[in-house]
Amino acid sequence: MDEVERILLRREAIAKRVQELGEEVSADRDHSDPLLAVTILRGAVIFAADLVREIKGPVELDFMAVSSYGDASVSQGDVRVIKDLTEDIKGRDVLLVEDIVDTGHTIRFLLETLKQRGPRSIKVCALLDKVDRREVDVPIDYVGFRIPDAFVVGYGLDYAGRFRNHPEILALRPEALTS
Ligand code: 5GP
């Protein structure tokens, strides 16, 4: 059985939207200080690599990894830091770059954690938003695409480590998901 149900987003559509997001971020920027783009590992890496090249003005990069306890494909709302930032974000303008917002627990945890460190501003840019699945209300400043409730892979997103390098975003068949 083919695990892929359908192609949700083709590479041209992704590239066009990422360019628009870069323009939106650039238009809102205070160009006096470099923006610190905080990429959430590992799913947002490919999105972030494309996005930062569409943002005008200096952008610095940092990375953070978080994990939910329990099942990999069902968010538990119990988030922990696996890899912390290298930079001190006090007084910085931070852009959190996330692959997908689902229940919202991960972004809520990240915003709470990072706000305690005193950034000047913190905004969220998510490529994908499964708005129907939201359990906690979180502000998302820039959204690439609102998508239906399906498990998606490709363009950095994985299923059990696979599909990250696929250039399109694919929806998997629910019956193909074993965990
Ligand atoms: P949340 O905490 O908002 O429920 O979940 C966010 C995280 O769950 C995302 O960063 C991503 O790692 C994972 N996730 C949620 N939905 C999907 C999906 O459809 N595909 C993949 N590959 N990961 C997902």
Side-chain angles (χ1 to χ4, degrees), residues 1-11 13-14 17-18 21 25 36-52 61-85 94-116 122-179:
M1 181 189 65
D2 190 0
E3 308 161 275
V4 177
E5 189 166 67
R6 65 192 170 106
I7 300 171
L8 204 62
L9 295 164
R10 294 188 185 273
R11 54 200 304 171
I14 298 168
R17 188 69 191 117
V18 171
L21 287 173
V25 172
L36 182 65
V38 169
T39 301
I40 309 307
L41 299 171
R42 287 176 257 179
V45 162
I46 291 174
F47 170 45
D50 287 342
L51 177 70
V52 295
L61 305 181
D62 206 346
F63 301 88
M64 198 164 175
V66 292
S67 155
S68 298
Y69 287 107
D71 193 73
S73 62
V74 181
S75 187
Q76 303 287 303
D78 194 0
V79 187
R80 65 193 161 123
V81 175
I82 302 287
K83 182 215 170 289
D84 209 338
L85 296 175
V94 173
L95 181 68
L96 264 183
V97 183
E98 177 61 304
D99 51 6
I100 179 163
V101 182
D102 186 21
T103 63
H105 290 290
T106 304
I107 285 295
R108 185 174 69 169
F109 170 84
L110 286 165
L111 285 172
E112 281 174 2
T113 304
L114 297 182
K115 274 180 183 167
Q116 287 171 8
I122 181 159
K123 290 186 174 177
V124 177
C125 180
L127 178 65
L128 304 173
D129 183 3
K130 284 200 233 174
V131 74
D132 296 338
R133 297 248 315 153
R134 199 73 89 254
E135 290 176 8
V136 288
D137 198 22
V138 281
I140 310 175
D141 301 275
Y142 310 98
V143 175
F145 300 93
R146 296 207 161 78
I147 62 165
D149 179 14
F151 193 82
V152 295
V153 295
Y155 196 65
L157 287 153
D158 78 314
Y159 175 58
R162 295 165 52 220
F163 298 105
R164 286 202 201 273
N165 61 326
H166 191 88
E168 298 158 322
I169 294 175
L170 311 168
L172 296 188
R173 292 185 195 283
E175 57 274 25
L177 306 172
T178 53
S179 58

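Atoms within a ligand are numbered from 1 in the order they appear, just like the ligands themselves. In this chain, numbering begins with 1 at the start of the sequence shown. Nothing here was measured: the structure is a model prediction, and the numbers come from that model.
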| query | Can you find a pair of side-chain heavy atoms, one from R6 and one from L170, that are under 4.5 Å apart? | reply | no
| Proximity winner for atom 5 (O) of ligand 1, if only heavy atoms of V101, D102, V136, I169 are counted | D102
| message | Side chain, backbone, both or neither: which applies to A150 and ligand 1 if a contact is any heavy-atom pair less than 4.0 Å apart? | response | backbone
| query | Is any N or O atom of V153, backbone or side chain, closer than 3.5 Å to an N or O atom of ligand 1? | reply | no
| Charged N to carboxylate O below 4.0 Å: is that the case for R11 and E168? | no
| message | So does D2 get a backbone contact from the side chain of R173, meaning a donor-acceptor N/O pair under 3.5 Å? | response | yes
| For ligand 1, the portion of K130 having any non-hydrogen atom under 4.0 Å away | side chain
| said: In terms of relative ring orientation, are Y159 and F151 parallel, tilted or perpendicular, with 30° and 60° separating the classes? | reply: perpendicular
| note | Of V138, L170, I100, the residue with the heavy atom nearest atom 9 (C) of ligand 1 is I100
| Of all the atoms in ligand 1, which lie at a distance below 4.0 Å from a heavy atom belonging to T106? | 1 (P), 2 (O), 5 (O), 6 (C)
| said: Taking T103's backbone N and O only, do any of them form a donor-acceptor pair with K130's side chain (distance below 3.5 Å, no angle check)? | reply: no
| Using heavy atoms and a threshold below 4.0 Å, how should the contact between D99 and ligand 1 be classified: side chain, backbone, both, or neither? | side chain
| field | Part of E98 within contact of ligand 1 (heavy atoms, under 4.0 Å) | value | side chain
| request: Flag the pair D99 and R42 as a salt bridge only when some basic side-chain nitrogen lies within less than 4.0 angstrom of an acidic carboxylate oxygen. | output: no
| Whether G104 lies under 4.0 Å from ligand 1, heavy atom | yes
Please output the side-chain donor-acceptor pairs of residues 139-149 that fall under 3.5 Å, not counting sequence neighbours, one pair per line with the distance.
from: D141; atom 1: OD2; to: V124; atom 2: N; distance (Å): 2.8
from: Y142; atom 1: OH; to: D28; atom 2: OD2; distance (Å): 2.6

| said: Counting only nitrogen or oxygen atoms and a 3.5 angstrom limit, does Y159 reach ligand 1? | reply: no
| query | Counting heavy atoms only, which of V66, V152, I107 comes nearest to atom 20 (N) of ligand 1? | reply | V152
| query | Is there a nitrogen or oxygen of L157 sitting under 3.5 Å from a nitrogen or oxygen of ligand 1? | reply | no
| field | Sequence neighbours excluded, every pair satisfying salt bridge (charged side-chain N to carboxylate O under 4.0 Å, His left out) that has a member inside residues 150-161 | value | D158-R164
